[in-house]
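Take a look at the structure below.
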Amino acid sequence: MAEWVDAVRARLADAPDIAAAVPRAIAASRFLDAALQALTAADDALADFTRAYADGETRRRVDAVLEGVDTPDAAMAALRRLRRRQMARIALRDLCGAAPLDETLHDLSDLADACVAAALGFVERRLQARHGVPRTADGVPIRPVVLGMGKLGGRELNFSSDIDLIFCHTDSGETDGPRALSSDEYFAKLAQETTRLLLAQTADGFVFRVDTMLRPFGSAGALSASFPALEDYYQVHGREWERYAMIKARPVAGDLAAGERLLTLLRPFVYRRYLDYNAIGALRGLKRLIEDEVVRKGLDDNIKLGAGGIREIEFIVQSFQLVRGGAEEPLRDHRLRPVLRYLGEQGYLDAGTASRLDEAYVFLRRVENAIQMYADQQTHALPEHEAAREALLCAMGSGDWAALQSRLDEVRAYVREQFMLVFAADEDDEGSASHKLVAALWSGTLTGDAALEALYSAGFRARPQAVLAGIEALRTVRLVRAMREATARRLLQLLARLVDESAAQADPETALVRTLRVIEAIAGRSNYLTLLRESDAARTALLRLCRASPWLTDFIARSPIVLDSLLDARTLYAPPDRDELVDELQRRAAPLQPPADTEQAMNLLRHYQREMTLRVAAADLVEALPLVQVSDRLTWLAEVIVAQALRFAWTEMQAQYGEPRRTDGACTGFAVIAYGKFGGIELGYGSDLDLVFLHDCDQLDADSVGGTRSIDNGTWMARLAQRLINWLATQTPAGRAYEVDMELRPNGRSGLLVSSVDSFGAYQQEDAWTWEHQALTRARWVAGDERIGRRFGQIRREVLMRARDADRLREDIVGMRRRMRGELDKSNDACWDIKQGEGGLIDIEFITQYLVLRDAHRNEAIISFSDNWRQLDALARAGSISVADRDALIDSYRRYRAWAHERSLQQADGLAPAGAFAEPRACVRRLWQTILGD
């Protein structure tokens, strides 16, 4: 063993594992061999070779070598000598097995960051000495920013990689020195000289190869662009591949805080607010160009670009980032491996697949680095010469070339398989029988009886004419006629897949014709067309749901954003519980700050309501949820949306007017009380919300405090109430969250929009009608100040537990029921109104309410709940009704609601055939007569 090798090992004695592996590391890298010899000759201590660096240590070492350096030549020499030593350290730790891949990549990236920052600072000091500080017209200093792109931006730099940089600056102006320059001239010089300091080949080598071609307009563009120019460029000229590149963008030098602000401004260009499935097609096209280049240059053995290589893993991960990154912050991470883990944790990729792709990435990156460490050359190809192959085997700890090649083939085959699953090409569609059929129908070459016969043969045997009419209707839609050729081609590919897959449904005509209504609604939104074309799961779910319910078909057509929910059957058919609803909505709402983000926040509530309603309906239609749980979830959803809307509305009011205060100095409270189906936990699809608003302010004439301007507290509370209604019910491009009905507030339409809790109590005690006390049986607090909620509960308890004259109560309730039936009952000789008809739903509710109001003074448990079923249970336990009669009423109520619920999903009215439900109707009429004597 050479004497200098023994010297190296002696200097690494405090790390015996590394010292023992030095000969193998030298055998794996000619670069390391030469570098260690030079360091030994210079009597370098090598103490830092045995440990991982702390955060910031690389930057401190780089800065230290430039202290006192005042000429470019001296700076070049210092940086190159430091780079050689640091690369030797990184290579030795990697090849000796002391550093995992993440440490190696992080150290390489830190070294590049520090060298770019040091070079930029050195050049900036010299330029400012000659030309002064660049400033805006207002005298504000203009700062440089350097964005690291590609592997550098992701902190995943290769051992011998170039670094992709974009130079930019915060604004425009000129320098304030005696030899003034415009900001464009100044920052062009800064970029040019910084690049030269890093890139120039000297006797000591180079620091890093620098590539600035990712800047706006490439080689034709300015070397450094101002922030406004960058914003304008990406808004007007930005291309899909640049979105892909900007995923990795990270400020690495200059004003890092300004760089982060710039990336925040550019985020809408990179990440769409919606799920962006068009990105997959763009990435597919980019990958096709790379594959063509691989074939043209014979790069099959290229670890980075070849089939199953590193780039394909990056494309898999970045496809999810581009599609979903606008909606999910964890996907906006610059680093590949954390994003890949997240995809597995969230189920976007199978957990096992994500794990194997991560293992493949680590293996391929280790091979790539080992290839480059051999001679410090930028190459990604497997070596052909024997010496280089032996070195690679040493680096990888592999026994022979055949074994390493076999492992590489296995890894790359798996990566290629997963890549093809994500980026499956669509050219084969056009040769399928279904595509030929759709194309012939679309072009009009197949018409009349021949078209019907073809559809019959394709599986549409009951109503082929309906399918033909649906396709014809879609073809004549204005947005479809105006489609570009490429978009129309993708639409035909989608229709061919829908024709194939609907034929497997129990009722293929209904499935396809209804689904075509959804396609018609999204014809102008290529993103959703792409989603359905790309996702087998989404198409299958859409066909299934449309076949099951015309109401759901229209719901999806009106709110196509819910199509995103169709991608994962595990979540689609398993709607969240209440806590999950709260947590998810709060997570999505956290970044939004009204009034600045009011439009976004309103749309969030509407999108969330539709997404979760779809999931409830999907579980309902596949009978994964019984009716009671469907109502529970729809009610919970309304509760969490009302609560979040109230938080948004309060934040808006607070920003403008401060807060109202009570006389004790505490902030006034505001609460939302639910009545009707909402209060009774019986919401259905499309139900409106019966609400009453209460506050506890005891000085309505006093002014609010803490805002930009004040208003009296009474006006403050009224405006808050109106804003809350607007947050829920205003029609926006995303629709409305809920219709709101306020007619159950004290004094109805003529009453105040929001009442003090004390005046509400006085009204209920002194002025309310019997029907208002009936309504109170189904009322409960759902959002806002819990103190007011408890006070409302106390008022409700006091009012409902009042002893009443049973005969007078009976007369009031029977009279009210007669008036309602006369005005609302749609029954006739042919049909029976299940809600308002004699013996129907309302009769059961009135029976229950009568018994609650009559007997609650004897047993408080009777009013513990606001829903009909549990009130009947409590009445039976209190002896107000027999167990048999309770069971009969609950069974009738359940049957009626189930039938009405099914009818609503089929967009049918609530009129049953005249002879339907004979047994429960007779039972309810008997109990009405027995209990109410009418």
Side-chain angles (χ1 to χ4, degrees), residues 31-32 34-49 53 56-91 107-134 143-146 148 152 157 159-163 165 167 169 175 177-179 181 185-212 223-224 252-256 376 378:
F31 161 77
L32 183 61
L36 287 177
Q37 286 195 56
L39 292 172
T40 303
D43 200 28
D44 195 291
L46 306 183
D48 59 321
F49 281 45
Y53 272 6
E57 185 170 351
T58 299
R59 178 63 186 269
R60 291 191 292 274
R61 288 175 178 267
V62 172
D63 288 345
V65 302
L66 289 186
E67 282 185 13
V69 174
D70 57 4
T71 68
D73 287 346
M76 285 186 182
L79 285 175
R80 282 153 178 75
R81 287 193 292 269
L82 176 136
R83 183 260 184 193
R84 186 177 182 85
R85 184 185 187 282
Q86 288 300 316
M87 295 294 274
R89 172 188 170 276
I90 293 168
D107 281 358
L108 289 166
S109 302
D110 269 5
L111 179 60
D113 285 3
C115 288
V116 173
L120 183 78
F122 177 83
V123 174
E124 189 174 26
R125 289 190 293 274
R126 289 175 58 82
L127 284 176
Q128 289 184 4
R130 294 197 300 269
H131 304 290
V133 176
R143 299 293 299 131
V145 173
V146 184
L152 176 60
L157 201 62
F159 185 79
S160 190
S161 175
D162 59 6
I163 53 176
L165 302 178
F167 289 87
H169 47 278
T175 61
R179 300 164 60 186
L181 295 175
E185 294 174 303
Y186 174 90
F187 287 105
K189 284 180 177 290
L190 180 60
Q192 187 175 40
E193 294 184 24
T194 299
T195 299
R196 179 176 175 275
L197 196 62
L198 296 169
L199 178 63
Q201 186 77 35
T202 72
D204 295 305
F206 61 93
V207 185
F208 284 99
R209 305 175 190 89
V210 177
D211 190 335
T212 61
L223 279 175
S224 181
V252 298
D255 189 332
L256 300 184
D376 192 15
Q378 187 182 13

Quiz item: Are D48 and R85 within salt-bridge range, i.e. N to O under 4.0 Å?
Solution: yes

Self-check item: Presence of salt bridge, E185 and K189, under 4.0 angstrom
Solution: no

Search all heavy atoms of [X] against all heavy atoms of [Y] and return the closest pair with its distance.
| X | Y | answer |
| --- | --- | --- |
| G205 | R80 | O-NE, 2.9 Å |
| Y186 | P134 | CE2-CG, 3.6 Å |
| Q378 | S160 | CB-O, 3.2 Å |

Self-check item: Residue that, paired with I163, satisfies side chain to side chain contact (heavy atoms under 4.5 Å, CB included) out of D211, V146, L157
Solution: L157

When rounded to the nearest 0.5 angstrom, what distance separates [atom1] in [X] from [atom2] in [Y]?
| X | Y | atom1 | atom2 | result |
| --- | --- | --- | --- | --- |
| L111 | F208 | CG | CZ | 4.0 Å |
| D162 | L199 | CG | CG | 9.5 Å |
| D204 | L82 | CG | CG | 12.0 Å |
| F187 | Q192 | CZ | CD | 15.0 Å |
| L108 | Q86 | CG | CD | 10.0 Å |

Practice problem: Please determine which of R84, R83, R209 meets the salt bridge (Lys or Arg N to Asp or Glu O under 4.0 Å) test together with D376. | Solution: R83

Check: [Y] and [X] side chains under 4.5 Å, non-hydrogen atoms:
| X | Y | value |
| --- | --- | --- |
| Y53 | D110 | no |
| L190 | E124 | yes |
| R126 | P72 | yes |

Practice problem: Name the orientation class of the two ring planes belonging to F31 and F159 (parallel below 30°, tilted from 30 to 60°, perpendicular beyond 60°). | Solution: perpendicular

Self-check item: H131 side chain to R179 backbone, donor-acceptor under 3.5 Å
Solution: yes

Quiz item: Checking S224 side chain against A191 main chain: does a donor-acceptor pair fall under 3.5 Å?
Solution: no

